[in-house]
Amino acid sequence: MSGPLSDIRVVEICDELGQYAGKLLADMGADVIKVEPPAGSSARTVGPFVRDVPAPNRSLNFWYHNTNKRSLVLDFESDDADREVLRKLIATADIVIEDRAPGALAALGLGYADLSANHPGLIVCSITPFGQDGPWAQYKSSDLVGLALGGPMMMNGYDPEDAPGAPPIRGHGDQGYNTVCHYAAHGILAALLFRDRTGRGQYVDCSMHEALSCTVEVGMPYYLYAREDVVRQTARHASARRTERWLVHAADGRDLILFGIGRDNSSWRKLKQWFQSFGFGMNFDEERFDSPASRQPGRGSAEASEVYAEVARFVASQPGESVYRGGQERDQAWGTVRSPEETLDDPHFWDRGHFVKVTGEDVTEPAAMPGPPYWFSATPWELRRPAPKLGEHTVELRASLV
Amino acid sequence: MLFDGRPFGRRIPRMTDQPLAGIRVCDFTWIIAGPTCTRVLGDFGADVIRIEHAQAVDSVRMGRPIVGDAPTYNNSGFFNYINRNKRSVLLNVRHPMGFEVVKKIIAESDIVVENFSSRIMSNWGLDYPQLKEINPKIIYCSISGFGHFGRDMDFTTWGPTAQALGGLTYTSGLPGKPPAGWGYSFMDHTAGYEAAVAIMMALHHRNRTGEGQHIDMSQVEGGIVLNGPAILDYTVNGRKWRREGMPPGNRAWEPKVAPHGAYPCTGEDRWLAIACMNDAEWQAIVLAMDEPAWAADPKWATNAGRIANEDELDARIAEWTSTMTDYAAMEVLQAAGVRAGVCQRASDRYERDPQLRSRDWWHVLDHAEIGPSEYDGVLPKLSESPGSLQRAAPALGQHTHEVLREVVGMTDEEIAEHEAMGVLM
């Protein structure tokens, strides 16, 4: 084991909400032991499943979020002996991550005060929808509900003419859960660094609602500083005022995001030549287009509206990939709108060894999935083992705890 | 909150109690992704020193909303929001004397972070081998669109293009419509979060071994990792997300449950999100709606039945929510144990949301130029060594002299000399 956390043991008592936090630590070397009830974590019931056959070891959602973990089945909610095993296990651990409702583990005698009494170095992180206290602490949530209350949803959606009456839209992929897990990892690691220095552990209270409320970019400062709400628009930043469209459609039906067109004059010259070689933007040499500011969206510039409209016509005449690569080669940070699986087609990420392959129940041919979000030169991300089968490590772990 | 019988949250910790006390960050970041990373580090007590240059000012310093009539570099609410708890130094790194100064700051730092395009640092003579010569234990984190290696390493991104290329924009939208995407740079936030995770892991490794390292991040990869199950559905089952009927809007993908969506309430553009994950939760919704006659039809009793009739189901529920305010409907449903929440705007979270307020989420700090300025809190809450808001975002170059004295050990005469040579601008 070579990861930066290879000296750390984590006990994870998490389902859908908190499991990504455990993965972040496990993928970097921590020994993460997932404690599951006899029926398995509810995350094992979340599809898609291998060949659409639901079973505890066939959830691809579980496969992805539980790499590098071990699975220990303990009936710790109803069986005193199993609860004792869990206590013994936690006595050997550095970190506990749990995502039960506030107070649920304390009711079983497994709260932070209980666990830390003889283990002052222990770090316990609770991941919950709203935090441990407050009027909504016991309210029920989900990824959708979290993204609604936290603010992201109201910033995603359509211009009225694109989809009259459309609601705010939630982006998929359980991004609310992912976001709170990033914050949980921040808190856990900050606590770990404090422990490196002082030997003292602590309790970490991580709220999805807070995590999302500060993950809406200009949305929050616009209110804090201007007392205005931004309004959602099709495929571009929500804004206090309507702005130029960035989403353009290529000849082959591909969508692209053009975030900025010629932000500086040297790239603008290259772009103009390119457009004009296809017969577009023949008036772009006029002086009124010379100022970079006049070409940028969102500032009410007549030239910007003209540039965006003309470039949309240019894009509509070209294949999407040519626009993407041609723009990038001319210093434009443009991007094709890809579905998740289409990212597999980009050789750049294979150059970087980004995708890794797994096998599992009924899957003998290794299947690709995303690997590291970051490259460490000394202590690299590593797929040491696929997600565990339910209870796969119960025997070995129980034996180690007697 | 009550924690071991005593409240925490209002307590203002001393900086030395903070988890990253004693950690210094030489911060070359700009725009959003990099500053978001160093916001996390600064919130937990690291000494974050922004290296800025007046000839190439971080454009977010001019980003709206602006306090007052015109941008001054110091009155952007957006800049302030992501740069609290940091210091700002004006320094021309391309001037030979400025280069010597920055080398001394790096020598006294634990971390160097930047989010330039991928060749800038090596053009400056500050790539990882060179940084390591200056400071053998340095942790260097580079955040760029495509990372520092691979065939397209020179391509660049902003948040909106990174989320398009990484597969996120596509997943947000109604079937048969263009993507709705994310109405903000979700991937600037997330790349910054991922970088902060990575840096703190590298710090732990360094605490154990004394070894620093280079962390290379691609903002697009940081997005690809957020849709693992969708990618596995393709590589294992051969099923693409790009297909008829996808993306499914607010309806559930996996697990496929219903009802699941945003429903209209009274008032203009007011919506309530409801997620019903199983049949028991459906029964709770029926009770909360006061058992309308239509809901007695047995076809609604099972998830399969609800999915088979999802259009009708959504219309029925919208009929009910349309008679109520969003918060009232949320309370009725939550009282019945149903997952429901208002689609809140920023004004709602600030003015009406009782949860954030009860957890001391809003703060005011004194800013050098604009005076009282508002911020949200630090999360998560650590019981022994909490993060905190120590200082407002820095005015451009506010701490140049202070940092040169304290960190670099320069005398006032040396500072004056550098000033006269045009290095500190």
Side-chain angles (χ1 to χ4, degrees), chain A residues 4 47-48 60-61 64 133-136 139-140 142 144-145 148-149 153-156 167 169 171-173 182 185 187 189-190 194 196 202-203 205-206 210 215 217 221 223-226 229 232 235 238 257 259 328 333 335 337 339-341 343 348 351-352 367-368 370 373-375 377-378, chain B residues 1 19 44 65 77-78 81 150 152 155-156 158 160-161 164-165 167 170-172 180-181 183-184 189 193-194 197-198 200-201 205 207 213-214 216-217 222 224-225 227-230 232-236 241-242 254 262 273 275 339 341 343 345-346 354-355 358 374 379-381 383-385:
Chain A
L60 298 173
N61 199 300
Y64 184 66
D133 64 343
W136 291 355
Y139 276 14
K140 299 287 188 295
S142 73
L144 171 81
V145 170
L149 287 166
M153 267 182 83
M154 271 312 268
M155 294 178 69
N156 304 346
I169 301 290
H172 279 265
H182 283 135
L189 292 164
F194 182 77
D196 286 349
Q202 59 188 310
Y203 180 68
D205 169 11
C206 194
E210 289 167 6
T215 305
E217 207 203 41
Y223 195 77
L224 293 177
Y225 287 82
D229 280 313
R232 60 191 186 275
I257 299 280
F259 189 67
Q328 286 281 357
V337 176
S339 61
E341 72 280 359
T343 62
H348 174 78
D351 288 351
R352 287 174 62 80
Y374 20 59
W375 280 94
S377 62
Chain B
M1 72 173 280
F44 285 119
F78 184 26
Y81 184 75
D152 291 338
F155 285 12
T156 58
W158 293 70
T161 44
L165 290 163
Y170 175 79
T171 70
S172 172
Y184 58 101
H189 281 283
Y193 296 162
E194 291 166 334
V197 167
M200 287 193 273
M201 288 177 175
H205 175 75
N207 285 344
Q213 57 187 311
H214 178 196
D216 183 39
M217 278 204 53
I224 294 172
V225 300
N227 276 306
L232 276 169
D233 197 24
Y234 174 67
T235 58
V236 170
W241 250 73
R242 189 182 290 279
E254 293 287 356
R339 304 162 205 253
C343 293
R345 298 162 164 79
Q355 181 65 14
S358 82
E374 292 193 80
L379 91 142
K381 294 189 176 189
S383 61
E384 287 303 305
S385 63

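Here the structure is a predicted model, which means the values were calculated and not measured. Just so it is clear: chains get the letters A, B, ... in the order the sequence lines come, proteins before strands, and each one is counted from 1.
- For the atom pair A/T343 OG1 and B/I224 CD1, the distance stands at 4.0 Å (nearest 0.5 Å).
- Both the backbone and the side chain of B/D233 come within contact range of chain A, judged by heavy atoms closer than 4.5 Å.
- With a threshold of 4.5 angstrom between heavy atoms, A/N61 approaches chain B through its backbone and through its side chain.
- For chain A, the option among B/G181, B/G228, B/S358 with the highest count of heavy-atom pairs below 4.5 Å is B/G228.
- A parallel orientation is assigned to the rings of A/Y139 and A/W136, their planes being inclined by less than 30° (bins at 30° and 60°).
- Note that CD of A/Q328 and CG of B/D152 are 8.0 Å apart. Values are rounded to the nearest 0.5 Å.
- When each of B/E374, B/R339, B/Q355 is scored by its heavy-atom pairs under 4.5 Å with chain A, the top score falls to B/Q355.
- Separation of atoms OG (B/S172) and CD1 (A/I169) is listed at 6.5 Å; rounding is to 0.5 Å.
- Most heavy-atom pairs under 4.5 Å with chain A, from the set B/A275, B/A262, B/C343, B/G222: that is B/C343.
- Atom OH of B/Y170 is separated from atom CG of B/N227 by 11.5 Å, given to the nearest 0.5 angstrom.
- For the options B/Y234, B/F44, B/F78, B/W158, heavy-atom pairs under 4.5 Å to chain A are most numerous at B/W158.
- Here CH2 of A/W375 is found 13.0 Å from CE of B/M217. Values are rounded to the nearest 0.5 Å.
- Proximity to chain B (any heavy atom under 4.5 Å) is shown, for A/R352, by both the backbone and the side chain.
- By the 4.5 Å heavy-atom criterion applied to side chains, A/D196 and A/F194 are not counted as neighbours.
- The closest side-chain donor-acceptor pair between B/Y193 and A/T215 falls under 3.5 angstrom.
- The residue among A/A226, A/A185, A/A238, A/A235 with the most heavy atom pairs within less than 4.5 Å of chain B is A/A235.
- Between chain B and the options A/D229, A/L189, A/I257, the largest number of non-hydrogen pairs under 4.5 Å is found for A/D229.
- When the candidates A/G173, A/C206, A/P370 are compared by the number of heavy-atom contacts under 4.5 Å with chain B, A/P370 comes out ahead.
- Between chain B and the options A/M153, A/H348, A/K140, A/H182, the largest number of non-hydrogen pairs under 4.5 Å is found for A/H348.
- Residue B/H189 touches chain A through its side chain alone, counting heavy-atom pairs closer than 4.5 Å.
- In summary, the aromatic rings of A/H172 and B/W241 are positioned with their centroids under 6.0 Å apart.
- Residue A/M154 holds its CE atom at 3.5 Å from CZ of B/R345, rounded to the nearest 0.5 Å.
- Ranked by heavy-atom pairs under 4.5 Å with chain B, the first of A/G134, A/G187, A/S339 is A/S339.
- Most heavy-atom pairs under 4.5 Å with chain A: of the set B/T171, B/L232, B/L165, B/T235, this distinction falls to B/L165.
- Taking every heavy atom of both residues into account, B/R242 and A/V337 meet most closely at NH2-O, 3.0 Å.
- Of the two parts of B/Y184, the backbone and the side chain both hold a non-hydrogen atom closer than 4.5 Å to a non-hydrogen atom of chain A.
- Highest contact tally toward chain B, considering only A/A378, A/G335, A/S142, is held by A/A378 [criterion: heavy-atom pairs under 4.5 Å].
- With chain A as the partner, the residue from B/G150, B/A273, B/A164 showing the most heavy-atom pairs under 4.5 Å is B/A164.
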